[in-house]
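A short worksheet on the structure shown next.
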2 protein chains.
Amino acid sequence: MEYQYVRLANEIEGKVASGSLVVGEKLPSLRRIKEQKRLSLSTVYQAYVELENRGVIEARSKSGFYVRPQMKKLLPLPAAGQFFLKPLKVKVNTLAGVLQNLFDHPEMIPFSAAVPGPELLPVKQLSKMAREIGATYLFRAGGTGYGSPAGQPELQKQIARHLDWYDAFSGEEIIITCGCMDAINLCLRAVASPGDIILVESPTFLCYLQLIEDLNMRVLELPADPVSGLDLDMLARTVEEHDVRAVLLNSNFPNPLGYRVSGEKKQEMVRMICGRGIPIIEDDLYGDLYFGETRPTTMKQFDEQGLVLYCSSFSKTLLPDFRVGWVVPGRFKEKVKRLKFNSMIATSKLNQLIIAGFMEAGAYDRHLRIMRTSLKSQVATMTRAVANAFPADTRMSSPEGGLVLWVELNRGIDSLQLFTRAAEVGISILPGAVCSGSGQYQHCIRLNCGVAWSPVMSAGVETLGRLIGELLP
Amino acid sequence: MEYQYVRLANEIEGKVASGSLVVGEKLPSLRRIKEQKRLSLSTVYQAYVELENRGVIEARSKSGFYVRPQMKKLLPLPAAGQFFLKPLKVKVNTLAGVLQNLFDHPEMIPFSAAVPGPELLPVKQLSKMAREIGATYLFRAGGTGYGSPAGQPELQKQIARHLDWYDAFSGEEIIITCGCMDAINLCLRAVASPGDIILVESPTFLCYLQLIEDLNMRVLELPADPVSGLDLDMLARTVEEHDVRAVLLNSNFPNPLGYRVSGEKKQEMVRMICGRGIPIIEDDLYGDLYFGETRPTTMKQFDEQGLVLYCSSFSKTLLPDFRVGWVVPGRFKEKVKRLKFNSMIATSKLNQLIIAGFMEAGAYDRHLRIMRTSLKSQVATMTRAVANAFPADTRMSSPEGGLVLWVELNRGIDSLQLFTRAAEVGISILPGAVCSGSGQYQHCIRLNCGVAWSPVMSAGVETLGRLIGELLP
């Protein structure tokens with residue numbers, strides 16, 4: 001027989017899991033629940049204590065109980081990766097080719113690609129703006145022609161205004177690109193050549209490795225700790241001992257680990273890397289998706305030499321499909337602009353103007369505030385769901401921003417095998433094998449938390465847990 | 001004193017020049033003019049004979065007088081270029097950088113970039129479609145997410161249907177790109193590596209050279225005759241004697257010369273080049289803009305080995321801004337698709353769906369028919385204007401399609417100097433120096449005829465003629 005307080009606790013946890021109670025939301029008072037449920041006050045109190053013990057809610061003194069944002073203690077953190085001393089020729093494309101085809105199957109449970117679901121996006125407002133801009137922009141002077149290779153001034157201006165943490169450049173320093181990967185591609189080509197060594201962290205973003213492979217550059221992977229990120233001493237030694245041509249990393253909530261780097265550490269990293277004349281390609285794609293109180297700093301803020309090429313996009317925060325990103329290339333501006341022009345003339349004006357219009361209306365900041373709350377809640381829900389459904393020896397990241405979870409499974413699990421089994425039952429995941437050229441994350445997976453929680457998602461996690469159990473040695 | 005018939009002839013030529021009488025249009029009967037103008041029949045007849053002598057109109061037996069499309073005899077053709085035996089390391093980017101900035105100044109008289117003016121484009125219909133798609137597409141399943149790296153099936157299908165000259169592939173063989181340059185960039189990267197030799201014709205399209213320079217490949221320029229194009233014997237010798245890694249060319253109405261290549265010759269070229277295992281990157285950007293009766297063939301039609309990578313786009317025929325092109329990569333499909341994904345995930349769905357909707361409504365073919373007539377007329381008008389305004393030793397191409405004219409000036413003219421002088425008075429032209437790495441077209445310029453004729457355009461040509469006169473040695 002189930003205790004009444006356990007039943008109540010389960011019911012409330014279910015509401016959190018399903019999203020009907022969101023992170024940060026205050027729970028009804030003990031008295032209110034007592035009356036609603038016709039239970040004794042002590043039963044309700046016991047249920048709340050139970051939920052507190054489970055890590056679902058927290059008491060705030062003289063205020064009441066709230067849904068907890070971070071589930072830090074649910075599962076231990078994954079181990080940091082191994083350090084490989086030699087730069088590697090990357091070879092992830094063959095494997096990644098298999099995954100790429102999943103993009104063609106939107107009917108799968110979407111745990112692989114790091115994308116926000118439509119529920120998180122201001123679809124109605126964007127659609128309204130698309131209709132308005134679509135109806136007018138071609139009739140403007142020069143409306144039909146190629147836009148400027150650097151992008152539309154309207155959008156450059158809005159982005160410059162959005163980057164209020166950095167007031168040292170005007171919109172003219174910004175070059176608009178077809179999403180962040182286009183920006184990174186241009187930056188890599190601007191600062192490095194085939195054969196050059198690019199330093200990335202490990203585990204890293206699959207597409208970095210694919211791109212570096214395509215450009216015939218080599219990669220040097222520096223292991224990152226799931227909480228503290230890169231080790232500064234190890235970084236110093238690496239840039240001293242190796243002929244690193246450029247550093248490429250997410251400065252905030254890196255994909256897949258999601259940790260936060262302090263401003264002091266960023267400053268030290270910039271000093272260490274740029275001080276040796278090495279450019280940093282800073283990908284701040286997730287910087288606006290912070291779970292804490294304030295927006296984290298960027299490396300660009302500490303860049304005194306114009307050696308930080310700051311890249312970002314609207315793909316994770318507004319609309320993946322628009323393919324609009326940007327780069328502030330510092331001293332590489334003319335070269336990046338030229339490469340942009342030569343490889344595709346310009347980015348389409350239509351999408352740029354839609355976003356500029358949306359931002360000009362002040363809608364972007366408002367949207368980001370809501371989106372951050374939802375994401376934080378979804379990550380917490382997924383964290384709890386994984387903790388419940390996966391085997392007890394699972395380890396898991398505790399991201400402080402962004403939209404993915406990094407999950408370390410029993411070392412006997414081959415995540416590629418899991419990937420195949422999961423795909424067969426309609427679930428897509430990202431196997432850790434593609435997050436490094438070193439082969440050391442074969443037993444890890446990355447889970448996307450960007451899509452709104454639902455019974456389907458919940459069942460997906462449970463199924464994954466069952467499949468992992470079956471694959472255990 | 002001016003003869004009456006000369007005055008009448010001038011008046012009619014003025015109407016042709018201003019576009020109020022278009023190419024192919026039947027002139028009023030002698031009797032009608034006689035009555036309208038209160039002139040004698042013989043005066044009107046003399047005026048028509050005069051116009052015939054000037055090359056403005058032509059008599060068709062038992063039918064009357066018509067505005068002539070081609071002004072072949074107005075000026076002699078330019079000379080074919082020199083053959084440089086050595087592959088060159090390309091260095092056009094510095095120079096081109098100067099020109100690139102002109103894209104930022106839409107208020108100039110637009111003789112440089114090869115773009116159609118808004119008057120030639122179905123702006124209203126496209127805008128209506130943009131409004132409709134903008135209002136709906138984000139609400140579709142998967143609407144907000146990244147599209148397939150290969151493109152939207154709706155557009156692939158419409159393009160496959162449009163390519164009715166070639167029925168051997170389905171839409172699935174088509175990869176949608178951000179315009180034709182993106183397609184060519186992907187193709188070059190798919191088939192060649194840094195240091196490799198790319199064969200192009202000379203003079204060629206500036207952006208080919210810039211791209212090849214960016215990719216650290218080398219270029220081998222084969223001179224093309226303004227009428228007959230490449231010499232087959234010279235081509236055979238070149239692919240035999242040099243380690244050519246790929247051939248990159250406009251198969252129809254090449255930019256800047258605009259000549260037409262017969263199907264037999266194309267077939268022979270494919271046999272010659274692909275027979276040696278060398279891929280052809282076929283850029284058919286202008287194939288739909290023919291001035292003759294029928295659409296010319298493509299090299300892809302004669303490709304039996306999957307070695308022709310067929311590229312094209314909607315930038316010259318529908319809307320430069322949409323940045324939507326495509327490639328049928330043959331046996332390089334997987335590699336091109338992968339490079340596309342890795343460098344920018346996918347092309348934005350919005351623009352693809354607008355074009356697909358426009359094509360599905362049958363509007364594209366109708367639009368192309370009208371556009372061809374206008375372009376043919378504009379090229380003829382520009383030809384006549386140049387013949388009137390430029391010095392007598394000017395030579396000029398006689399394009400059979402496309403939208404540019406190639407003009408060879410006195411060898412004493414430095415077209416870069418002309419470029420600068422013209423820019424000062426608000427006229428943009430393309431100096432021939434950037435159409436080759438060999439430095440042999442310093443005295444040539446390319447003129448865009450894509451923008452509707454107007455008094456401003458007419459005055460622009462006259463001003464150019466005056467500037468050239470001033471620069472003559």
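Here the structure is a predicted model, which is why all the values come from computation and not from measurement. In what follows, chains are A, B, ... by sequence order, proteins preceding strands, each numbered from 1.
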Taking all non-hydrogen atoms of both residues into account, name the closest pair between [X] and [Y] and its distance.
X        : Y        : value
B/Ala114 : B/Asn448 : CA-OD1, 3.8 Å
B/Ala452 : B/Gln378 : CA-OE1, 3.4 Å
B/Leu375 : B/Gly450 : CD2-CA, 4.0 Å

If you count heavy-atom pairs under 4.5 Å between each of [options] and chain B, which one has the most?
options                                : value
A/Leu215, A/Thr144, A/Asn185, A/Leu126 : A/Thr144
A/Gly134, A/Pro320, A/Ala130           : A/Pro320
A/Lys124, A/Met129, A/Arg323           : A/Arg323

Measure distances from [X] to the heavy atoms of chain B and classify the residue's part below 4.5 Å as side chain, backbone, both or neither.
X        : result
A/Tyr208 : neither
A/Thr136 : backbone
A/Leu186 : neither
A/Leu138 : both
A/Pro118 : both

Not counting sequence neighbours, which residues clear side chain to side chain donor-acceptor pair (under 3.5 Å) with B/Lys340? List them please. B/Asp182, B/Thr347

Report which part of B/Leu319 has an atom under 4.5 Å of a heavy atom belonging to chain A: side chain, backbone, both, or neither. both

Tell me whether the rings of A/Tyr364 and A/Phe358 are parallel (<30°), tilted (30 to 60°) or perpendicular (>60°). perpendicular

Selection residues 132-148 of chain A - residue pairs positive for salt bridge (Lys or Arg N to Asp or Glu O under 4.0 Å), sequence neighbours left out: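 Passing the test, one end in residues 132-148 of chain A: A/Lys128-A/Glu132, A/Arg140-A/Glu154.
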
Identify which of B/Gly325, B/Gly145, B/Cys207 forms the greatest number of heavy-atom pairs closer than 4.5 Å to chain A.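 So the answer, after comparing B/Gly325, B/Gly145, B/Cys207, is B/Gly145.
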
Any donor-acceptor pair under 3.5 Å linking the side-chain atoms of A/Asn250 with those of A/Asn255?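 No pair is found: no donor N or O on one side chain lies under 3.5 Å from an acceptor on the other.
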
